[in-house]
Peer 1: 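Below you will find the structure I want to go over with you.
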Amino acid sequence: MLQIAAIREHKEKFAEALKKRNIDANPMLDKALSIDENRRNLQAKLDETLAESNRLSKQIGDLFKSGKTQEANELKEKTGSLKEASKVLSELLNNAVEALQQVLYTIPNIPQDSVPAGNSDTDNEVVSEHGDMPKLMDNALPHWELAKKFDIIDFELGNKITGAGFPVYKSKGARLQRALINYFLDKNTEAGYTEMQVPLLVNEASGFGTGQLPDKEGQMYHVGIDDLYLIPTSEVPITNIYRGDLLDLKDLPITMTGYTPCFRREAGSYGSDVRGLNRLHQFDKVEILRIEHPNKSDGALDAMVVHVKGILEELELPYRILRLCGGDLGFTSTLTYDFEVYSAAQEKWLEVSSVSNFKAFQANRLKLRFRNGENGTELAHTLNGSALALPRILASILENYQVENYINIPKALIPYCGFERID
RNA sequence: GGAGAAGUGGCAGAGUGGUCGAAUGCACUGGUCUUGAAAACCAGCGAGGGUCACACCUCCAGGGGUUCGAAUCCCUUCUUCUCCGCCA
């Protein structure tokens with residue numbers, strides 16, 4: 001959520017930047033500003049009446065204490081109209097605050113200068129490509145067939161137990177998955193991220209805090225009886241650890257990592273996008289998160305990109321880095337780099353990480369602030385990224401590392417797997 | 001799930017109808033002292049709204065109510081603790 005004070009100051013600049021998202025933000029911004037003006041007027045009026053009634057109450061107290069009951073009772077009569085007025089005003093004020101909130105919820109974050117304009121993922125800017133394309137044998141198989149051939153992932157079993165998009169990992173497939181989780185967590189903690197284990201169900205306040213609600217309500221599984229949501233990413237519970245907190249300057253930066261399964265309804269997805277492991281309703285992901293001083297968040301984003309690169313290079317997977325265009329940029333982000341690995345048998349680039357700087361957008365919703373060491377408090381900046389999402393890494397390992405009768409395990413993972421090949 | 005108790009500032013902990021945004025201690029910040037540090041002493045020290053700045057308003061778990069006036073009384077939700085039950 002943007003800060004209304006910032007909109008007051010930079011309206012033109014914001015509207016200009018939001019064009020990159022292909023939206024004309026002027027109507028929304030104007031609406032927010034006019035509601036805000038009204039809000040402040042109402043606040044001033046309400047304050048006045050409350051001040052007056054506070055004065056009267058104090059007088060009445062004094063009069064009672066000095067035994068002037070008669071006069072006190074006379075004053076009491078006067079308070080009735082003030083009470084009435086403040087009731088009306090505070091109702092109007094609440095409405096205004098609510099209305100402002102509603103408008104602000106609909107305005108996405110401001111893209112940074114470096115974000116290219118564009119409509120869709122085809123307009124994303126390829127920043128760099130790394131690694132060599134694997135040369136597969138002629139009869140190379142896509143990962144869903146490899147999974148069947150070596151009996152390591154069973155999609156039908158998942159259908160039986162739950163439904164499409166909930167695969168069952170078996171034997172070496174399960175072990176490889178667990179190896180990846182441990183490997184990622186180790187890489188992240190070595191880089192200074194503190195490991196967290198968090199709940200997989202979150203309440204509404206947490207969903208609002210990180211911005212999944214109200215924008216993406218339909219994308220989350222909702223447990224109605226207890227009014228809880230299954231997390232679509234560990235970003236939600238991990239970031240919400242600090243919801244409402246006021247940190248000291250010296251607490252920053254805060255860096256965390258966590259492994260969780262993630263649950264996404266993925267309504268509206270279809271075709272080859274959802275084939276095999278490409279898009280699932282439940283998948284594993286290891287996430288890294290940072291809470292940063294506003295001056296440091298740009299550098300932090302770069303550091304996260306370098307970190308993720310390091311992991312992909314150690315896994316020896318060909319990958320490329322994209323800078324998302326305005327049209328593809330997430331609602332809450334100011335700048336996002338996507339990492340895609342090449343999955344050689346299906347000849348597809350698969351997104352395995354998305355690293356974003358949210359600046360103060362989430363923090364404003366979260367009320368996540370720090371004492372800036374000068375005159376007061378300031379919203380912190382939040383960032384997060386995948387390091388990494390499991391299924392597509394798994395898919396590309398299976399496909400890229402396949403040879404005639406077995407699949408090799410990347411060197412870095414052998415100690416974690418306890419075997420060198422899947423056969 | 002049942003029965004009790006409790007939720008106050010970063011933490012601990014006073015405060016049961018007006019003088020309480022809230023004692024005190026710790027922590028923190030600045031200063032004195034010291035070669036330096038510690039200790040001691042002095043001063044400051046919650047947040048949000050609002051204002052050029054003041055004034056002023058709001059906040060004592062969340063929501064609602066009683067009252068001229070609520071941290072304090074009532075209702076309700078949530079959370080924590082103790083005991084009982086159930087249980088990985």
Side-chain angles (χ1 to χ4, degrees), chain A residues 1-9 32-101 103-104 197-209 213 223-229 237 240-252 254 261 291 293 360 362-380:
Chain A
M1 180 166 68
L2 295 176
Q3 295 163 266
I4 186 67
I7 296 177
R8 261 183 244 149
E9 240 174 282
L33 287 174
S34 87
I35 295 173
D36 180 52
E37 197 180 338
N38 184 234
R39 188 203 111 233
R40 282 184 291 162
N41 280 334
L42 288 167
Q43 181 80 60
K45 280 186 197 145
L46 176 62
D47 287 358
E48 244 168 73
T49 51
L50 287 177
E52 177 62 19
S53 87
N54 285 345
R55 269 193 295 276
L56 283 178
S57 291
K58 213 160 268 179
Q59 280 181 37
I60 291 168
D62 290 343
L63 289 172
F64 271 125
K65 218 167 293 169
S66 52
K68 299 175 182 162
T69 320
Q70 177 73 22
E71 289 173 51
N73 283 324
E74 277 166 27
L75 266 189
K76 267 200 204 180
E77 311 273 320
K78 283 195 188 174
T79 60
S81 60
L82 285 174
K83 246 185 145 176
E84 196 53 41
S86 67
K87 204 173 158 189
V88 172
L89 282 169
S90 72
E91 205 158 300
L92 289 171
L93 178 62
N94 283 340
N95 291 343
V97 169
E98 179 68 21
L100 179 58
Q101 195 91 317
V103 177
L104 290 179
Q197 283 192 17
V198 290
L200 308 182
L201 288 152
V202 294
N203 56 31
E204 202 178 46
S206 292
F208 270 95
L213 293 173
V223 182
I225 192 167
D226 290 307
D227 197 17
L228 296 172
Y229 294 86
N240 272 282
I241 289 171
Y242 289 94
R243 167 154 49 89
D245 283 6
L246 179 53
L247 303 167
D248 281 325
L249 192 56
K250 63 173 160 44
D251 295 332
L252 300 176
I254 291 171
I291 299 169
H293 189 284
Q362 278 186 336
N364 191 29
R365 287 193 179 191
L366 291 160
K367 295 280 167 287
L368 168 47
R369 298 160 300 157
F370 68 99
R371 294 179 203 278
N372 60 16
E374 289 160 29
N375 38 15
T377 67
E378 223 175 299
L379 292 172

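For the numbers below, each heavy atom of this structure counts, side chains included, while hydrogens, waters and symmetry mates do not. These figures come from a predicted structure and were not determined experimentally. Below, chain A is the first sequence line, B the second, and so on; all start at residue 1.
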Peer 1: How far does the P atom of B/U67 sit from the matching atom of B/G62, given to the nearest Å?
Peer 2: 23 Å
Peer 1: If I pick the P atom on B/C57 and the same atom on B/G50, what distance separates them, to the nearest angstrom?
Peer 2: 16 Å
Peer 1: Any Lys/Arg nitrogen of A/Arg40 or A/Asp36 sitting under 4.0 Å from an Asp/Glu carboxylate oxygen of the other?
Peer 2: yes
Peer 1: P atom, B/A27 versus B/U34: distance in rounded Å?
Peer 2: 23 Å
Peer 1: Can you tell me, in whole Å, how much space there is between the P of B/G10 and that of B/A47?
Peer 2: 8 Å
Peer 1: Using the C1' atom as the point on both nucleotides, what is the distance between B/G1 and B/G9, in whole Å?
Peer 2: 36 Å
Peer 1: Quick one, which residues of residues 35-64 of chain A touch RNA chain B with a heavy atom under 4.0 Å?
Peer 2: A/Arg39, A/Arg40, A/Gln43, A/Asp47, A/Leu50, A/Ala51, A/Asn54, A/Ser57, A/Ile60, A/Gly61, A/Phe64
Peer 1: What's the gap between B/A37 and B/U32 when it is taken at their P atoms, as a whole Å value?
Peer 2: 11 Å
Peer 1: Please state the C1' separation for the pair B/U35 and B/C54 - nearest whole angstrom.
Peer 2: 46 Å
Peer 1: Using whole Å, what does the distance between atom P of nucleotide B/U29 and atom CG of A/Asn372 come to?
Peer 2: 15 Å
Peer 1: Between A/Lys250 and A/Arg369, name the one whose nearest nucleotide on RNA chain B is closer to the 5' end.
Peer 2: A/Lys250
Peer 1: Nearest whole Å is fine: how far is B/C45 P from A/Leu249 CG?
Peer 2: 20 Å
Peer 1: Return the minimal non-hydrogen interatomic distance between A/Leu252 and A/Phe370, and the atom names on each side.
Peer 2: CD1-CG, 3.7 Å
Peer 1: Which nucleotide, if any, forms a Watson-Crick or G-U wobble pair with B/A14, using both distances under 3.5 Å?
Peer 2: none
Peer 1: Between A/Asp251 (CG) and B/C11 (P), how many Å, whole number?
Peer 2: 13 Å
Peer 1: Is it the case that the side chains of A/Gln43 and A/Asp47 hold a donor-acceptor pair, with the cut-off being a distance below 3.5 Å and no angle test?
Peer 2: yes
Peer 1: Looking across every strand, which nucleic acid part, if any, lies under 4.0 Å from A/Leu82 by heavy atom: base, sugar-phosphate, or nothing?
Peer 2: nothing
Peer 1: Please name the nucleotide paired to B/G4 by Watson-Crick or G-U wobble geometry with both distances under 3.5 Å, or report none.
Peer 2: B/C81
Peer 1: Sticking with atom C1', work out how far B/A22 lies from B/U8, rounded to a whole angstrom.
Peer 2: 8 Å
Peer 1: Under 4.0 Å between a Lys/Arg side-chain N and an Asp/Glu carboxylate O for A/Lys87 and A/Glu84?
Peer 2: no
Peer 1: Taking the side chain as everything from C-beta on, heavy atoms only, tell me whether A/Glu74 gets closer than 4.5 Å to A/Gln70.
Peer 2: yes
Peer 1: To the nearest Å, give me how far apart CG (A/Asn203) and C1' (B/U77) are.
Peer 2: 14 Å
Peer 1: When the side chains of residues 199-206 of chain A are checked against the rest of the protein, which donor-acceptor pairs come out under 3.5 Å, sequence neighbours left out?
Peer 2:
| unit_1 | atom_1 | unit_2 | atom_2 | d |
| --- | --- | --- | --- | --- |
| A/Asn203 | OD1 | A/Ala205 | N | 3.4 |
| A/Asn203 | OD1 | A/Ser206 | N | 3.0 |
| A/Asn203 | OD1 | A/Ser206 | OG | 3.2 |
| A/Ser206 | OG | A/Arg243 | NH2 | 2.9 |

Peer 1: Nearest whole angstrom, please: distance from the P of B/U77 to the CG of A/Asp226.
Peer 2: 16 Å
Peer 1: Which whole-number value in Å describes the distance from A/Leu75 CG to B/C68 P?
Peer 2: 13 Å
Peer 1: If I take atom CD in residue A/Glu378 and atom P in nucleotide B/A47, what distance separates them, rounded to the nearest angstrom?
Peer 2: 14 Å
Peer 1: Looking at side-chain heavy atoms only, is the closest gap between A/Val223 and A/Tyr229 below 4.5 Å?
Peer 2: no
